[in-house]
Amino acid sequence: MEDKPQLVGNPDWMSRLPEKLLDVPLWNLAIPGSHDSMSFCLDVSSPVVKSQPYILRLTDKLLPCCIRPCISRWATTQQSVLSDQCELGVRFFDLRIAKKPAGSSTLFFAHGIYTLITVKEALDELATWLDAHPKEIVIISCSHFESLTYEDHADLVDFILSLFSKKLCSSQDIPTLRSCWSRGQQVIVSYDYQQMEQQHPELWKKMLYRYAESPSPMKVIAYLEAQKQKGRPAGFYTCGLNLTEDAPYIFLHPLQTMRKMTMAALTPLLFWTSEQQPGPERGGVNIICCDFVGLSQFCSIVIDLNNKLLDGASAAASSDAAAA
């Protein structure tokens, strides 16, 4: 039987940060995130999403019993529900939303194929967890929106506004832990659809996500280092430790899965993470995303980076005007 690491949970890490960090803008803190957060529940009975290559969709129609399990092996990047990820310390969720082609207005998530759990079910579960942890703040990135109409967007945004209500942090604010706690705010929603984002100040614009399209951890690290040399983006932004496979790689590694590929790469990726510095300075990191967040000490490593801010906490707090 495969040994699993004994992971340390971080369910209330934000409320336990030192006093000096409570007035630092959240975009200057180090925050753990999960890449493709809902991909743990992919439905192998669902069709391949329309955005996938035509040849893959055609093959799926001919050999669904072969194609869909293969997609699931490579598209599954997490292993548990959002509340479990929150317990580990994840505070950024990468939610890729889609509507199935057959009729229903119900929204799901998708990564190659669709999920079993609906968008509303997942957000309801997250809201319940937040009620039990009133000083923890999550960032939700809603994107992709496969096959959604304007009406679908309007319905989803109405649901988000109703569900989280006063917990939502306005995009006009400069969020710090202290300011969010004083207002009862716990949720920052990035919504990658400009018409909705412009109509609702509760929604934040699309957040930059830096990632390398490579199955090599060393190329991922080289890419992230090269991006750091371009300077620190304003506001929230994400560094992705996630690996990316392509068709030739899958063909040459028939017995591998995304999980096996990720586990083999974690040592250099986590070492790189431990060497980073959060904050407003050039090269400062903010959100760091990883696959299979429950299989390593990833969350604890990212959270611990905030200790490096203690000496420069006042400087980080004073940089908010430039990033707003």
Side-chain angles (χ1 to χ4, degrees), residues 30-40 42 48-49 51-56 67 69-79 90 92-96 109-113 141 143-144 146 192 206-233 236-278 282-299 301-302 305:
I31 298 174
S34 61
H35 167 246
D36 260 306
S37 306
M38 288 297 298
S39 62
F40 63 88
L42 296 177
V48 173
V49 300
S51 59
Q52 293 298 304
Y54 172 75
I55 188 65
L56 187 62
I67 296 300
C70 180
I71 291 175
S72 179
R73 287 197 300 273
W74 286 100
T76 297
T77 65
Q78 302 300 335
Q79 61 177 7
V90 170
F92 172 89
F93 296 102
D94 173 21
L95 303 183
R96 305 184 180 196
F109 305 94
H111 194 205
I113 53 180
S141 174
S143 66
H144 286 63
E146 178 88 23
D192 188 15
K206 178 181 179 180
M207 295 178 184
L208 176 65
Y209 192 122
R210 291 174 167 173
Y211 71 101
E213 296 191 21
S214 173
S216 164
M218 303 318 295
K219 289 184 178 179
V220 168
I221 290 169
Y223 171 84
L224 294 175
E225 283 295 318
Q227 292 299 304
K228 283 168 59 178
Q229 298 307 310
K230 297 180 180 180
R232 203 293 190 190
F236 291 107
Y237 90 102
T238 300
C239 293
L241 302 182
N242 45 288
L243 307 178
T244 305
E245 84 293 349
D246 54 19
Y249 186 92
I250 294 174
F251 180 77
L252 294 172
H253 300 81
L255 300 180
Q256 204 171 40
T257 64
M258 178 59 74
R259 175 170 169 156
K260 289 180 179 179
M261 185 170 74
T262 299
M263 292 300 292
L266 277 177
T267 298
L269 292 173
L270 294 182
F271 178 77
W272 178 87
T273 302
S274 70
E275 295 293 300
Q276 300 313 297
Q277 169 76 42
R282 183 181 183 87
V285 297
N286 176 211
I287 301 161
I288 303 178
C289 279
C290 191
D291 290 334
F292 299 103
V293 292
L295 296 182
S296 72
Q297 296 293 345
F298 161 73
C299 288
I301 291 170
V302 176
L305 294 179

Look at the side chain of Ser37 and the backbone N and O of Asp94, then say whether any donor-acceptor pair between them is shorter than 3.5 Å. yes

Could you pull out all residues at least two apart from Ser72 that satisfy side chain to side chain contact (heavy atoms under 4.5 Å, CB included)? Leu42, Val44, Thr76, Ile113

Looking at residues at least two apart in the chain, or sitting in another chain, which of them share a side chain to side chain donor-acceptor pair (under 3.5 Å) with Tyr209? Asn242

Interatomic distance, Asp192 atom CG to Met207 atom CE [nearest 0.5 angstrom]: 11.0 Å

Between Ser296 and Leu270, is there a side-chain heavy-atom distance shorter than 4.5 Å? yes

Could you list the residues that satisfy salt bridge (Lys or Arg N to Asp or Glu O under 4.0 Å) with Asp291, not counting sequence neighbours? none

Listed partners of Arg210 passing salt bridge (Lys or Arg N to Asp or Glu O under 4.0 Å), at least two apart: none

Kindly indicate, with the supporting measurements, whether the criterion side-chain contact (heavy atoms from CB on, under 4.5 Å) is fulfilled by Phe109 and His144. CA-CA 9 Å; Phe109 305 94; His144 286 63; over 6 Å; no

Which residues pass the side chain to side chain contact (heavy atoms under 4.5 Å, CB included) test with Ser141, not counting sequence neighbours? Phe92, Ser190

Do Gln78 and Asp36 come close enough that some side-chain heavy atom pair is under 4.5 Å? no

What residues form a side chain to side chain donor-acceptor pair (under 3.5 Å) with Glu146, not counting sequence neighbours? Ser51

Please tabulate, for the side chains in residues 250-257, all donor-acceptor contacts under 3.5 angstrom to protein atoms that are two or more places apart in sequence or on a different chain.
| unit_1 | atom_1 | unit_2 | atom_2 | d |
| --- | --- | --- | --- | --- |
| His253 | ND1 | Tyr249 | O | 2.8 |
| Gln256 | OE1 | Tyr249 | OH | 2.7 |
| Thr257 | OG1 | Arg259 | N | 3.4 |
| Thr257 | OG1 | Lys260 | N | 3.2 |

Please confirm whether the backbone N or O of Cys289 pairs with a side-chain atom of His35, one donor and one acceptor, at under 3.5 Å? no

Quick one: pull up OG1 in Thr262 and CG in Leu241 and give me the separation to the nearest 0.5 Å. 10.0 Å

Between Leu266 and Cys290, is the side-chain contact (heavy atoms from CB on, under 4.5 Å) condition met? List the steps. CA-CA 9 Å; Leu266 277 177; Cys290 191; 4.1 Å; yes

Taking the side chain as C-beta and beyond, is there a heavy-atom pair between Ile288 and Phe298 under 4.5 Å? yes

Distance (rounded to the nearest 0.5 Å) between Phe93 CZ and Met38 CE: 10.0 Å

How many angstroms lie between atom SG of Cys239 and atom CG of Leu208, to the nearest 0.5 angstrom? 8.5 Å

Tell me, please, which residues at least two apart from Gln276 pass side chain to side chain contact (heavy atoms under 4.5 Å, CB included). Glu225, Lys228, Trp272, Val285, Leu305

Taking all atoms of both residues into account, what is the closest heavy-atom pair of Val49 and Ala110, and its distance? CG1-CB, 3.6 Å

For Ser39, which residues count as a side chain to side chain donor-acceptor pair (under 3.5 Å) partner, sequence neighbours excluded? Thr77

Verify side-chain contact (heavy atoms from CB on, under 4.5 Å) between Leu295 and Met263, making sure each step is shown before the conclusion. CA-CA 8 Å; Leu295 296 182; Met263 292 300 292; 3.5 Å; yes

Taking ring-ring contact (aromatic ring centres under 6.0 Å, His included) as the test, write out the residues that go with Phe236, two or more places apart. Trp27, Trp204

So, taking the atom named OG1 in Thr244 and the one named CH2 in Trp74, what distance separates them when rounded to the nearest 0.5 Å? 11.0 Å

Please determine whether side-chain contact (heavy atoms from CB on, under 4.5 Å) holds for the pair Glu213 and Asp246, giving the CA-CA distance in whole Å, both sets of side-chain angles, and the decisive distance to 0.1 Å. CA-CA 9 Å; Glu213 296 191 21; Asp246 54 19; over 6 Å; no

Side chain to side chain contact (heavy atoms under 4.5 Å, CB included) partners of Ser216, counting only residues at least two apart: Ser214, Met218, Lys219

Out of curiosity, Cys299 SG to Ile31 CD1, how far, rounded to the nearest 0.5 Å? 12.0 Å

